[in-house]
Amino acid sequence: MSEAYVIKMPQLSDTMTEGVIVSWEKNLGDKIERGDIVATVETDKAIMDVEVFRDGFLSGPLSAIDSTIVVGGAMGFIVATEAEINKTGEAPAAAPEEPSAVSESAVTAAEVATVEAAAGQAEPEGTVSTIKMPQLSDTMTEGIVVEWVKSLGDRIERGDIVAQVETDKAIMDVEVFREGFLSGPITDVDSVVPVGGPMAYLVETEDQVVRDSAVVSSASESEPATTSPSGSVAASVSTHQVQPATGSAEPVPRPQGKQATPYARKIAGQSGVDLSSVNGTGPDGVIVAVDVKGSQPAAAASAAVVAEVNVPGNGRPMNAMEKAVSHSMSSSLSMPTFNVTVNAIPSALIKASKQKGVSVTVSIAKACALAMQKHPTMNWCYQPVDKLVERSQVDIGMAVSADGGGLVVPVLRACESNSLEQLNDDWKGLLDKARKRRLSPNEYANPTFMVSNMGMLGVSYFDAIPTPGIAAILAIAAAGPDGMPLTITADHRVVNGAEVALYLNTLKGLIEQPDSWMGPTGPAIPEGDWDYDVVVIGGGPGGEDCARDLVAHGLKVAMINDSPYPGGECLWRGCIPSKAWRAAADRIRDRAHDEHLGVEGTTQATLNWTRLEKTRKHVLETRGDMALKTDKGVKIKVIQGFARFEDDHTVFVDTGGNNDNPHQRAAVGDGSQGEKISFGCAVIATGAPPFVPPIPGAEQSLKTGGILTSDTVWGLESAPKRLGVIGGGAIGMEMAQIFQDFGCKVKLFEGQERILAEVEPEIAKHLTAVLNEDKNLEIHTSVQVKSIKGKPGAMKLVYTDTDDKDHTFSCDYVIMATGKRPVLEPLQLDKTGVAVDKGVIKADTRSRTNVPHIFAVGDVVGGLMLAHTAGQQGRVAAATILGEDMQYDQDKDSGVIFTRPEAAFVGLSLEQAKAKGIDAVEVKMPMSIDAKAMITNEIHGMIKIVADKSSRRIVGVHYLADHADTLIGEGVMMVAGDMTLDQVAQAIHPHPTQTEMFGEMARRLLSRLRRSKRK
Ligand SMILES: Cc1cc2nc3c(=O)[nH]c(=O)nc-3n(C[C@H](O)[C@H](O)[C@H](O)COP(=O)(O)OP(=O)(O)OC[C@H]3O[C@@H](n4cnc5c(N)ncnc54)[C@H](O)[C@@H]3O)c2cc1C
């Protein structure tokens, strides 16, 4: 059974000596994680949280609510396993301190009394407060008085800084929170005062001021208030357990015939020293702590008992910082370490850092943190005994020379999540304070990884010593002919050699190719005499948005499109024509709702196909014409023709296949007509036509027109009476329901178990159920279509249903909606070296292919094949070409499936969020309880919000609702803007609108989170 961790009453202010338990925020037996708030306590100033930094389970006895506990006294315990939980409940009020709860770092009242007595100090008359040496860091046991900022007799106000003290890590202010006059006995500058020891007093009236100095021992003579359980570290700033269970032993009895201070007896008990063999050096030969430590120096230094060798000469006592480094380094001897070195060429990183205006040190820290995302164990650490602390936040300590000598180690926090610019700003602040040794505890304590850079000192190779609390330290030497040696010294209990080697190789990659994570460091267009700075191939949403952004920045851009008008599939064969049909279908559908509102005589709507088609074509042609005029107006050189690469800086624009009908895809020319164009950069935005799987009979039926695709369905001369739709993706689902609304009998066949793979599972399931209520629509999932035959107007489709039997469906046409795939061969990508992966062009989040000056966007790169996705990627490509920092983030993308009700998504589903390691939770609300939905009888569906439990950031919003195409706007802003539940809860939504649901859901989820936290 491992030793329980004691939750002690923390010293939350310099004047606090005890605290009152206000509440327990966790229950006995609760699982506790590092950083959890377990209780609140009332100090002399406020009610404050008690945070713990151990993982485990809350165990009794717990101090009772309202009980008063001295600083350092036990409030409760954390045990490692559930089996060890002590459920005896509350300890009696004013619980006596557990032996094991003796403060490790704070001074108990008894000790303070001892110190006062030893120092021979008496409180002056009229004392309102004793100014004590505050504990300014977790490892601080004593402080040196550096300066009195106020003078004896000065009037002191609450919040005044009266002195500065040097701790083991920095020089810090001593603030007081009482009013009065500064009085002696006052400790001299340079005297060493144990934590909790009196430094001076505040008296009520000026005439009570005592103008004496206090008698305080010098650094070598002083007794620290306690032995440090966790070796204090200055240069390496890490908190760690280095001593054998301190504080658990009883003080030894008074030695016969000798005197010893209680503190000396206590540490003698802890370190097993026999006081009868110790000579006292205190007044009248009293044994003080330093005598005890002198007899057992090794025990105070390290868990691994290190033999100390007698060294001749008269040593000067180390100052606090030197001592801390010494103890820490001795403790490091207990770590089984090894070294691994890899050389990296730093020139690209140095150049990129300079261009970005950030320090190379910070860039290296960021690279270290990014490499840890692949190799997280490098950020863990060993915890005695036999435990590993698995940390995800990367806090990197980097040594800095302080003015006047010595090393201090500021810690750059959250290097994994903060931006490079943010880290650079943080570092500037830290550096300044570190040099003056003015860091506060949260600026130097507990790094999770460390970097020591001696490159600027011309060191050709070195390794550094990790301190307990981290698993590895990186030593950076000066760059030589083979590059810059990166040497990691690591704790073998946490990481092995192979892990370190892999980590170093990842780090090397990040250092040598900084643009992969730092973003562009300048425009991407190579020097050269090109016809155009950029050639964009394809005039759909991806290509057109990209070209417009580029010309807006003054670049010379040609957009090559194989159609007379821009717009691509979206305008001519996709989004817009399908929504024209949907709008007609909506009108018919809405008529069925009229009666519900008492509107009669409108239910028998019929469709005039010719009129609809006229409107549809008019919209497309008008928009195509508008787009072309705008493109030309903004000075894009629009070229009609089919582009294929001749090399990585030249395209041939084939104009032989040009046709004047924008409604149809153009044919590829034979190469006999056209022109060559050279370019600095190219953006491939050629889309993805419909893919037809090799079902027997499909190819032939495609030729006869019995099978239609999203390219050819627009040629229908009337709405079919019976229709088969193969494919339950967005296109198939939309088409199926549109035609059912037009009065057609439709059967939809999907091979997978569910429809709409990209849609949140519960939403897709509900949509299937709702659509199956449409009387002319049947959805068959998990079916296999075996063959298709017939001619237009008389098709036969054979399929195997879930009953394992073959069935035949006779229909007028079959719409094949089985996905889209890029057709890449005609582009002749092999002439450029652009890589293709699984049938799509490989592009990164900055739309870059593997060829630095060639980009790819939209459907041709796979992923979400949506028009706004293509547009966004087009703008990302333009930004990257221009040298700006922009990335496409699929986790914030969105989509609407235009069925009735509409299915829509923004960001992540609960499942996806969890898979990404987000501790996510969701809240949902059915449309049936919404007043507006009830009025219009649009009660099917729900809205869901998915949020990160801890940050309360909204990571996803999902819809099955009529009007989701409008309601989605708010979800997009929530996710794109990283909004929190609190912000949405507090936003004032107008009434009566369906947007009120967002505020209500956010408030409900917040309330749930609050209540579940209290349990
Ligand atoms: C029926 C249907 C409904 C849809 N509904 C929606 C919707 O509601 N919302 C939504 O977001 N998305 C929808 N989409 C998807 C959307 O149409 C596409 O995702 C989008 O058009 C992709 O844009 P893109 O720029 O990548 O390619 P495209 O729009 O396909 O544009 C590429 C252009 O490049 C041309 N081209 C190809 N090769 C060459 C070459 N070598 N030289 C010159 N030109 C070339 C093509 O002919 C085309 O004009 C729908 C699609 C379909 C089929």
Side-chain angles (χ1 to χ4, degrees), residues 570-597 599 602-620 708-710 712-748 755-756 759 766-779 811-815 817 867 895-904 927 933 936-941 959-968:
C570 169
L571 178 59
W572 299 101
R573 301 172 289 279
C575 323
I576 305 301
S578 62
K579 266 78 251 179
W581 281 359
R582 178 69 258 169
D586 280 349
R587 292 294 179 279
I588 295 170
R589 180 171 276 263
D590 288 345
R591 295 295 67 77
H593 288 214
D594 288 350
E595 206 181 341
H596 162 82
L597 286 168
V599 178
T602 61
T603 46
Q604 294 303 315
T606 51
L607 180 71
N608 180 334
W609 180 260
T610 314
R611 186 71 187 89
L612 168 62
E613 285 298 86
K614 198 174 160 205
T615 300
R616 179 178 71 79
K617 286 181 182 158
H618 171 74
V619 171
L620 307 194
L708 302 167
T709 68
S710 59
T712 55
V713 69
W714 315 108
L716 278 174
E717 282 171 4
S718 60
K721 297 273 171 289
R722 288 172 73 88
L723 182 70
V725 177
I726 304 178
I731 296 171
M733 295 306 299
E734 287 185 14
M735 288 290 173
Q737 205 194 23
I738 286 169
F739 282 106
Q740 108 87 34
D741 287 346
F742 286 166
C744 173
K745 179 150 185 66
V746 184
K747 271 195 187 182
L748 181 138
I755 57 163
L756 297 173
V759 166
H766 274 246
L767 178 62
T768 312
V770 175
L771 294 188
N772 272 327
E773 282 177 24
D774 284 343
K775 68 175 190 312
N776 283 325
L777 176 59
E778 271 178 38
I779 298 170
C811 51
D812 302 340
Y813 293 96
V814 173
I815 292 184
V896 178
I897 289 82
F898 291 82
T899 45
R900 288 287 300 265
E902 290 162 349
M927 298 310 293
T936 51
N937 200 20
E938 293 168 334
I939 49 170
H940 287 308
Y959 305 76
L960 180 62
D962 280 307
H963 318 292
D965 62 337
T966 307
L967 292 169
I968 198 169

Side-chain donor or acceptor of W581 paired with backbone N/O of E734 under 3.5 Å: no

Side chain Y813, main chain L708, donor-acceptor under 3.5 Å: no

From CA spacing to verdict: salt bridge (Lys or Arg N to Asp or Glu O under 4.0 Å), R589, D586: CA-CA 5 Å; R589 180 171 276 263; D586 280 349; 5.6 Å; no

Distance (rounded to the nearest 0.5 Å) between L767 CG and H940 NE2: 10.5 Å

Spatial distance of atom CD1 (I726) from atom CG (L748) [nearest 0.5 Å]: 9.0 Å

Donor-acceptor under 3.5 Å (N772 side chain, I779 main chain): yes

Side-chain H-bond candidate by donor/acceptor type, R582 with S578, under 3.5 Å: no

W572 (side chain) donor-acceptor with L620 (main chain) under 3.5 angstrom: no

Any donor-acceptor pair under 3.5 Å from Q737 side chain to R900 backbone: yes

Expected output: side-chain D812 to main-chain R722 donor-acceptor under 3.5 Å: yes

OG1 on T899 to CD1 on I755, rounded to 0.5 Å: 7.5 Å

Any residue meeting side chain to side chain contact (heavy atoms under 4.5 Å, CB included) with H593, in chain and number order, not counting sequence neighbours: N937, E938

Minimal non-hydrogen separation, A584 against F742, with atom names: CB-CE2, 4.0 Å

Whether Q740 side chain and V746 backbone form a donor-acceptor pair below 3.5 Å: no

